[in-house]
Amino acid sequence: MGRISIAYIHEGKWPPGSVDIHIIQKSLRKAVFVAILLIPFACIFLSLKLSESVIIMPAFGVQLETHYTSGRIIRRFIPAGEILKPVLLECVTPVTCYWSLSLLVRGKEELVLVFKELHPPMKMLLPVWKALCASIDSNEGPNTCGEGEDG
């Protein structure tokens, strides 16, 4: 049987206000049994990892990265001037309910999902949302993310 774990890593070793990196990793460990003539049962452990990261550069913008187990990396860059607001949404499907972090981007009709493949819990999304709000607030003024607003 497989075990899935999600980890949150905040790399804040940079000077304040320069770069802020948030990484969310999903690790799946499965036991695979192989039958060979000489060895009836052999157990090989495979570790499948998927990680998505948000690199916040207040002066430039936000880079979203998805790292797959195959080694493929997809990067998306959104300039700071185009980000209107980071938004936390509750997504409800017939099977499950989860939280999602999206960006409202100028000139796009749809929201841009920050974590496309993973559905991290709210406690992992909140620090990323706050960092995005702080980045937007430093560029455009206070109260961009709606803190302190009614409703």
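- In the hydrophobic clustering of this structure, I74 does not group with L113; members are Ile, Leu, Val, Met, Phe, Trp, Tyr whose side-chain heavy atoms approach within less than 4.5 Å, directly or through other members.
- Between I6 and H119, the closest heavy-atom pair is CD1-O, 4.4 Å.
- Contact between P120 and F115 at its shortest, heavy atoms only, is CG-CD1, 4.2 Å.
- The salt bridge (charged side-chain N to carboxylate O under 4.0 Å, His left out) search around E65 returns R75, not counting sequence neighbours.
- Shortest non-hydrogen contact noted between I23 and S51 is CG2-CB, 4.3 Å.
- To the nearest 0.5 Å, atom CD of residue E82 and atom CZ of residue F77 are 9.0 Å apart.
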Walk me through it: do L50 and Y68 pass the test side chain to side chain contact (heavy atoms under 4.5 Å, CB included)?
CA-CA 5 Å; L50 170 71; Y68 294 95; 3.6 Å; yes

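- Taking both residues in full, the closest heavy atoms of L84 and V105 are given as CD1-C, 4.3 Å, listed atom of the first, atom of the second, then distance.
- The minimum heavy-atom distance between A131 and H22, with the atom names listed, is CB-NE2, 3.4 Å.
- Residues V87 and Y98 are members of separate hydrophobic clusters, defined by side-chain heavy-atom contacts under 4.5 angstrom among Ile, Leu, Val, Met, Phe, Trp and Tyr.
- L132 is not listed as a side-chain neighbour of I83, based on a closest heavy-atom distance of 4.5 Å or more.
- Rounding to the nearest 0.5 angstrom, the gap separating the CD1 atom in I21 from the CE atom in M57 is 8.5 Å.
- Between S100 and L125 the shortest heavy-atom distance is N-CD1, 4.0 Å.
- Within 6.0 Å of CZ in F60 there are 12 or fewer heavy atoms belonging to other residues, nucleotides or ligands.
- Other residues, nucleotides and ligands place no more than 12 heavy atoms under 6.0 Å from the CD atom of E110.
- Between V114 and V62, every side-chain heavy-atom pair lies at or beyond the 4.5 Å cut-off.
- A heavy-atom distance below 4.5 Å is not found between the side chains of V54 and L101.
- The shortest distance between side-chain heavy atoms of M122 and L88 falls below 4.5 Å.
- In the hydrophobic clustering of this structure, I56 groups with Y8; members are Ile, Leu, Val, Met, Phe, Trp, Tyr whose side-chain heavy atoms approach within less than 4.5 Å, directly or through other members.
- A donor-acceptor contact shorter than 3.5 Å links the side chain of E52 to the backbone of E117.
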